[in-house]
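Structure record follows, encoded as structure tokens.
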Amino acid sequence: MAERMGFFTDTSICIGCKACEVACKEWNDVPDDGFVFRATSYDNTGSLGADTWRHVAFIEQRAPAGGDGGEGIDRWLMSSDVCKHCTHAACLDVCPTGALFRTEFGTVVVQADICNGCGYCVPACPYGVIDRRERDGRAWKCTMCYDRQLGGLEPACAKACPTDSIQFGPLDELRARAEERVTALHEAGRPEARLYGESPDDGVGGAGAFFLLLDDPEVYGLPPAPVVTTRDLPQMWRWAGGAALTLAGALALCFGVPSRRRG
Amino acid sequence: MTREQAMVPEAEFRSYYGQPVIKAPIWHEPHMPVYLYLGGLSGAASTMAAAALLSGHDRLGRTARVTAVLGAVAGAGCLVAELGRPERFFNMLRVFKPTSPMSMGSWTLAAHSALTSLALAPTITGALGSVAARSASRSAASRSAVSRRSTSGFATRVAVTPPAFAIRAAVTPPAFRPARGSRWSGGFHGALSGEGAVGALVAGLPVAGDAAVVVSALTGPLMATYTAVLLADTAVPAWHAAHRELPFLFAGSALASAGAAGMLGTPAAQAGPARATAVLGAAVETVAGAVLERRLGLVGEPYGEGRAGRLLRAARALTVGGGLLAAVAGRSRPLAAMSGLALTAGALCTRFGVLAAGRASAADPKYTVVPQRRLAEEPEETP
């Protein structure tokens, strides 16, 4: 396997230009995701989905924690969200056809010629990333531009980002760079800066795409402490096994097996 | 942890414009909940058929076999229709993947459908046999004459070819059994004569069918409970947190469904064990549902609210009512029918209700954010 590649999205320098959203759609030929005025700041895309593989969140905060609570916009948060390409990926674990697979770059990709649209990956993802494209019937999500990577190019979103808020590279290097950046921000008087998804010890074994955030993850629509659902799968099967034995035992009891065998 | 969750004050949390964090299950109604019902029905019915075979409840066993195969085939149809690309159904059997409950379920369903279909064989040959036996007795011919008459053809050979009469005798009701002597002599004749290739194949069916029934007692309980793992193995808080109770809820519901089918499809005099199964299943389903809502606390709220709450309250009333009716029905045909219909409706309401609860749980970011926020702030807390 080649080196594990990833995204580090530094939201402290995101300017909300949505070049990543556009570049992703152009390169990957992603259909439109509806033209809806959502009245959620400058965000009319809403969330990640089958037709949105990069999503820029806009949060206009009037009275942030510790702020003066005055009129007007105190702070404007922007963040480009993307598939996390988890180390322990629930979508990949639960896919019954093998359509989802782990690439040589450590990313998680759907094979469109295999996916039969069962929809199981959709509620399995703890981040709400992957979704089924209803007019197409199959599940779609970010591939971290698998085709561009095979050709030695960086993904379209990272390429198009004008501020290098989206950085692409070997995951180990990105993690080291992110630590330095957080330290620098703390020293510059921004104690709210924190990394999200960088730790291999978290519930998904560390994300292949991680973030530097300036507020709690849930403010950006991210789960605060996601856990891959399959972590508990052995325990689930044990309870199901108990229930299955109960069912068989109940029937044996009701039929008096084997004491009432009739000639 | 459970205690704390049961006594939380109104949860305060932050979110992105109140939008859900996770995607709600996209599975459709009625396909998905109806499959959950049919899979459970088929699984419990096949296990019931095995119990009936081993205990000699022939008439009830036949109802159970028919129920099992109908449930499995109709359920598989629902699953295929549910896919975004139905023509790619067979991709389900492309890999064998223990980390995917849907993969395990697909293989279980495939094996279970085959077994329950094969299990019908003795019933079919038995029915053919009864026709042939009646025509044979009407013709009043001698045993050897019957077996040699070429015009009596296929059906007669089926009737008089008993390879494993001991098992078959347990399955075929006495009224349908031809005289044992005629089955012996005819069987040997049919199997030994050159025309007997089809006959020998048909002769093997009852044995294979009974063997299939016995093996389907292994796939059946899995069919009835794997769907609970299927739901629990998601990021949907109300499902994942309920991974202990859901299998018992579904197992109880499956027992009640199969008991109901047994009561509806079998004369009351021979449906005693089906009534007992219905009562026991209704009890298990009711207790599991009550425990689920009590233990889950905040995350379990969707089971009691909105559409899910209405469906699950209806399910409980129907299940308790149906179970009580089954307990007092005795030989009363109308009471048994009312009980069977109530339990079936209750089992369906349970499945629709659980799906609705999962959707509501995914749609409200509260159920995703609040428990995770607690976990993040008290990481050393052990459940």
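Only this structure's heavy atoms are used, side chains among them; waters, hydrogens and symmetry mates stay out. Letters go in sequence order (proteins before strands), and every chain restarts at 1.
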>> Does any backbone or side-chain atom of R38(A) lie under 4.5 Å from a heavy atom of chain B? Answer side chain, backbone, both or neither.
In response: side chain
>> Below 4.5 Å, heavy-atom pairs only: which of D216(A), T246(A), I130(A), V129(A) has the largest tally toward chain B?
In response: D216(A)
> Taking side chain as C-beta onward, heavy atoms only, is L222(A) less than 4.5 Å from V21(B)?
Replying inline: no
>> Shorter than 4.5 Å, heavy atoms on both sides: which option in T47(B), I22(B), L83(B) has the most such pairs with chain A?
In response: L83(B)
>> In the structure I gave you, are the side-chain heavy atoms of P217(A) and R373(B) within less than 4.5 Å of one another anywhere?
In response: yes
> So with a 6.0 Å cut-off around CZ of F101(A), is the heavy-atom count from everything else above 12?
Replying inline: yes
>> Less than 4.5 Å to any heavy atom of chain A: does that hold for the side chain of M104(B), its backbone, both, or neither?
In response: side chain
> Is it the side chain or the backbone of A90(A) that comes within 4.5 Å of chain B heavy atoms, both, or neither?
Replying inline: neither
>> Less than 4.5 Å to any heavy atom of chain B: does that hold for the side chain of Y120(A), its backbone, both, or neither?
In response: both
>> So for C125(A), is it side chain, backbone, both, or neither that comes closer than 4.5 Å to the heavy atoms of chain B?
In response: backbone
> Where on P25(B) is there a heavy atom nearer than 4.5 Å to chain A: the side chain, the backbone, both, or neither?
Replying inline: both
> Are any non-hydrogen side-chain atoms of L251(A) and L255(B) less than 4.5 angstrom apart?
Replying inline: yes
> Do you know the tightest heavy-atom contact between Y16(B) and V56(A)?
Replying inline: OH-O, 4.4 Å
> In Å and rounded to the nearest 0.5 Å, what is the CG to CE distance from N116(A) to M92(B)?
Replying inline: 4.5 Å
> Is it the side chain or the backbone of A228(B) that comes within 4.5 Å of chain A heavy atoms, both, or neither?
Replying inline: neither
>> What I'd like to find out is whether the side chain of L60(B) reaches to under 4.5 Å of the side chain of F255(A), using heavy atoms alone.
In response: yes
> Are C118(A) and M102(B) close enough that some pair of their side-chain heavy atoms sits under 4.5 Å apart?
Replying inline: yes
>> Would you say D43(A) and Y17(B) are linked by a side-chain donor-acceptor pair, where the criterion is simply a distance under 3.5 Å?
In response: no
> What part of L245(A) is in contact with chain B, defined as an atom under 4.5 angstrom from a non-hydrogen atom: side chain, backbone, both or neither?
Replying inline: neither
> Just by distance, do the side chain of W237(A) and the backbone of Y226(B) share a donor-acceptor pair under 3.5 Å?
Replying inline: no
> About how many Å separate CG of L247(A) and CZ of F248(B), when rounded to the nearest 0.5 Å?
Replying inline: 10.5 Å
> Hey, does the side chain of T234(B) reach the backbone of A124(A) with a donor-acceptor pair shorter than 3.5 angstrom?
Replying inline: no
>> Could you report the tightest heavy-atom contact between R132(A) and G84(B), atom names first, then the distance?
In response: NH1-N, 3.5 Å
>> Please give me the minimum heavy-atom distance between A112(A) and R88(B), naming the atom from each residue.
In response: O-NH1, 2.9 Å
>> I'd like to check L233(A) versus P101(B) (side-chain heavy atoms, cut-off strictly below 4.5 Å). Are they in contact?
In response: yes
>> Report which part of S106(B) has an atom under 4.5 Å of a heavy atom belonging to chain A: side chain, backbone, both, or neither.
In response: neither
> Using a cut-off of under 4.5 Å for heavy-atom pairs, which of G49(A), A248(A), A57(A), S47(A) has the most such pairs with chain B?
Replying inline: A57(A)
> Is chain A contacted by the side chain of E82(B), its backbone, both, or neither, given a heavy-atom distance below 4.5 Å?
Replying inline: both
> Which of the residues G203(A), G98(A), A139(A) is involved in the greatest number of heavy-atom pairs with chain B at under 4.5 angstrom?
Replying inline: G98(A)
> So which part of P234(A) gets closer than 4.5 Å to some heavy atom of chain B, the side chain, the backbone, both or neither?
Replying inline: neither
> R85(B) and D136(A): which non-hydrogen atoms are nearest, and at how many Å?
Replying inline: NE-O, 2.8 Å
>> Pairing donors with acceptors under 3.5 angstrom, does anything connect the side chains of D232(A) and H240(B)?
In response: yes
> Heavy-atom distance under 4.5 Å to chain A: side chain of A362(B), backbone, both or neither?
Replying inline: neither
>> Check this for me: does any side-chain nitrogen of one of D93(A) and K97(B) sit under 4.0 Å from a carboxylate oxygen of the other?
In response: no
>> Looking at every non-hydrogen atom in both residues, tell me the closest pair between T225(B) and A240(A) and how far apart they are.
In response: OG1-O, 3.7 Å
> If you take all heavy atoms of H243(B) and W239(A), which pair is closest and at what distance?
Replying inline: O-CB, 3.7 Å
> Are side-chain heavy atoms of V369(B) and P224(A) found at a separation under 4.5 Å?
Replying inline: yes
>> Less than 4.5 Å to any heavy atom of chain A: does that hold for the side chain of L280(B), its backbone, both, or neither?
In response: side chain
> Does the K23(B) side chain pair with the main chain of L48(A), one donor and one acceptor, at a distance under 3.5 Å?
Replying inline: yes
>> Is I114(A) close to chain B through its backbone or its side chain, or both, or neither, when contacts mean heavy atoms under 4.5 Å?
In response: both
> Would you call M236(A) and L246(B) a side-chain contact if the rule is heavy atoms closer than 4.5 Å?
Replying inline: no
> Who among S100(B), P247(B), A224(B), P98(B) has the most heavy-atom pairs with chain A under 4.5 Å?
Replying inline: S100(B)
>> Which atoms of A254(B) are under 4.5 Å from chain A, going by heavy atoms: the side chain, the backbone, both sets, or neither?
In response: side chain
>> Between P20(B) and chain A, with a heavy-atom cut-off of 4.5 Å, which part of the residue counts as in contact: side chain, backbone, both or neither?
In response: neither
>> Looking only at heavy atoms and a cut-off of under 4.5 Å, which of Q235(A), R238(A), R231(A), E218(A) has the most pairs with chain B?
In response: E218(A)
>> Quick one, T230(A) with D233(B), criterion side-chain contact (heavy atoms from CB on, under 4.5 Å). Give me CA distance, side-chain angles, the key distance, then yes/no.
In response: CA-CA 6 Å; T230(A) 38; D233(B) 192 27; 3.3 Å; yes
>> Please rank D113(A), V228(A), V227(A) by heavy-atom pairs under 4.5 Å with chain B and give me the top one.
In response: D113(A)
